[in-house]
Asker: 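Sharing a structure below in structure tokens format, with a few things to ask.
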Amino acid sequence: MEIGVIGLGRMGRIVADRLLADGHSVVAYDVDPETVAAAAEDGVTPAESIPDLAEQLDAPKRIWLNVPAGDPVDAALEELEPHVDSDDIVVDGGNSNFENSIRRAEETDATYLDCGTSGGPAGAELGFSMMIGGPEWAYEELTPAFDAVATGPEGHDRMGPPGSGHYVKMIHNGVEYALMQAYGEGFELLANGRYDLDMEAIAHTWNNGAVIRSWLLELAEEAFREEGNDLGDVADYVAGGSTGTWTVQEALEQEVPVPLIYQALSERFNSRATGDGEGRFSRRLANRLRYGFGRHEIARK
Ligand SMILES: NC(=O)C1=CN([C@@H]2O[C@H](COP(=O)(O)OP(=O)(O)OC[C@H]3O[C@@H](n4cnc5c(N)ncnc54)[C@H](O)[C@@H]3O)[C@@H](O)[C@H]2O)C=CC1
Ligand SMILES: O=C(CO)[C@H](O)[C@H](O)COP(=O)(O)O
């Protein structure tokens, strides 16, 4: 299959590479020409602009966006609009707000799939987990590409109508915040408790057979190995927060209590209010875990 990839950052580059590795052909564009040139060396066909990318693709066109959520998605769609019709499929692989995805699916002349994507840049070797919303025919049409970018056929599924893919990913991220907070609190108590303990060794032991083993805990083990038992100069500052905020807003609207997710989000806001980089071990671990899965910059003291 021939696919246009727009956005070749941490996630888009993996999408392009995994499509190429599975035998698909990729035409790619990024606002950063150096990024495009680097990808071209590894086999993508470079495009100089979004219209150029659209013109290089044969009809029906298949286009995959991996740009930052918000205005860049609308800007890319606006440029695509004169070049697409309902036989063409546009996938938004970013962390877009699900209500924007519903609006975009209605506004665009193309057929739209919202694709919540989990696994982060660190998950490149295994492939991603992908939650997709939109028309069934479009999901089926793109299944070979989803098989290539996800962990395989089990790594993606159609959630339901437009918006549902990003809705499920939003709540996934709320769970992610709460899990990081829970691990953080446990390690904070261990670090300040009554024994002199080795955090990496504890994480390693828990990761081997314990009820609470997980990928986040493997990333915690890696964090202690790389930063030291006290997390070194990793600051008490947790960035991000948009998807968690939307999760809490949705929970309020649906009158579903989500105290753990709300508390984890509040801890992030608190970390920014304190601003001294010292403070809570739990939040320092969350800061480091965001680098672990997402390659988000680590705030340092
Ligand atoms: N990093 C992560 O762990 C994950 C990120 N996401 C989501 O995936 C999307 C992309 O994230 P990343 O790859 O991490 O971001 P990134 O910042 O690494 O890459 C974004 C790329 O888009 C390019 N770009 C921006 N505006 C553009 C435009 N109008 N046209 C073409 N290219 C444009 C930038 O130059 C950059 O190369 C975001 O919505 C993010 O929230 C989803 C899951 C995990
Ligand atoms: O979606 C993701 C992982 O699943 C991204 O890494 C996202 O950036 C995480 O959210 P936040 O930036 O609010 O920590």
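Positions are given from 1 along the sequence.
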Asker: Run the numbers on Thr108 and Glu81 for side-chain hydrogen bond (donor to acceptor under 3.5 Å, both in side chains), then give the verdict.
Answerer: CA-CA 7 Å; Thr108 178; Glu81 212 46 36; 3.0 Å; yes

Asker: Report the residues that fulfil salt bridge (Lys or Arg N to Asp or Glu O under 4.0 Å) with Glu200, sequence neighbours left out, ordered by chain and then residue number.
Answerer: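 Counting only residues at least two positions away or on another chain, Glu200 forms a salt bridge (Lys or Arg N to Asp or Glu O under 4.0 Å) with Arg225.
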
Asker: Has Glu48 got more than 12 heavy atoms of other residues, nucleotides or ligands less than 6.0 Å from its CD?
Answerer: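 Counting neighbours around CD of Glu48, 12 or fewer heavy atoms of other residues, nucleotides or ligands fall under 6.0 Å, so no.
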
Asker: Would you check if there is a donor-acceptor pair between the side chains of Gln249 and Glu253 at a distance under 3.5 Å?
Answerer: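 Checked: Glu253/Gln249 side chains show no N/O donor-acceptor pair below 3.5 Å.
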
Asker: Can you establish whether the number of heavy atoms outside Asp196 located under 6.0 Å from its atom CG is more than 12?
Answerer: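 No, the 6.0 Å shell around CG holds no more than 12 heavy atoms from other groups.
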
Asker: Would Phe281 end up clustered with Leu217 when hydrophobic side chains under 4.5 Å apart are linked, directly or stepwise?
Answerer: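 Phe281 and Leu217: one cluster.
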
Asker: Mind listing the closest non-hydrogen atom pair of Arg288 and Ala223 along with its distance?
Answerer: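 Result for this residue pair: CG-CB, 3.4 Å.
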
Asker: Taking all non-hydrogen atoms of both residues, which atom of Asp87 and which atom of Arg62 are closest, and how far apart?
Answerer: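 Here Asp87 and Arg62 meet closest at O-NH1, 3.0 Å.
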
Asker: How about Asn208: does its CG atom have over 12 heavy atoms from other parts shown lying under 6.0 Å from it?
Answerer: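 Result for CG/Asn208: enclosed.
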
Asker: Which class fits the ring pair Phe187 and Phe224: parallel under 30°, tilted 30 to 60°, perpendicular over 60°?
Answerer: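 Phe187 vs Phe224 ring planes: tilted.
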
Asker: Under a plain distance cut-off of 3.5 Å, with no hydrogens placed, do Asn207 and Glu221 share a side-chain donor-acceptor pair?
Answerer: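 Asn207 and Glu221 do have a side-chain donor-acceptor pair below 3.5 Å.
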
Asker: Check this for me: Glu226, atom CD, are more than 12 non-hydrogen atoms of other residues, nucleotides or ligands nearer than 6.0 Å?
Answerer: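 Enclosed.
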
Asker: Taking side chain to side chain donor-acceptor pair (under 3.5 Å) as the cut-off, I'd like each qualifying pair that reaches into residues 113-136, sequence neighbours left out, listed once.
Answerer: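 Only Ser118-His172 qualify under side chain to side chain donor-acceptor pair (under 3.5 Å).
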
Asker: Quick check: closest heavy atoms across Gly43 and Leu20, and the distance to 0.1 Å?
Answerer: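 Gly43 and Leu20 have their closest heavy atoms at O-CD2, 3.8 Å.
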
Asker: If you measure only the distance, is there a donor-acceptor pair under 3.5 Å linking the side chains of Ser49 and Asp52?
Answerer: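 Short answer, no.
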
Asker: How far apart are the closest heavy atoms of His166 and Ser101, and which atoms are they?
Answerer: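 Nearest heavy atoms, His166 then Ser101: ND1-OG, 2.7 Å.
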
Asker: Look only at the side chain of Tyr177 and the backbone of Leu265, and say whether a donor-acceptor pair between them is shorter than 3.5 Å.
Answerer: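 Not a single qualifying donor-acceptor pair exists.
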
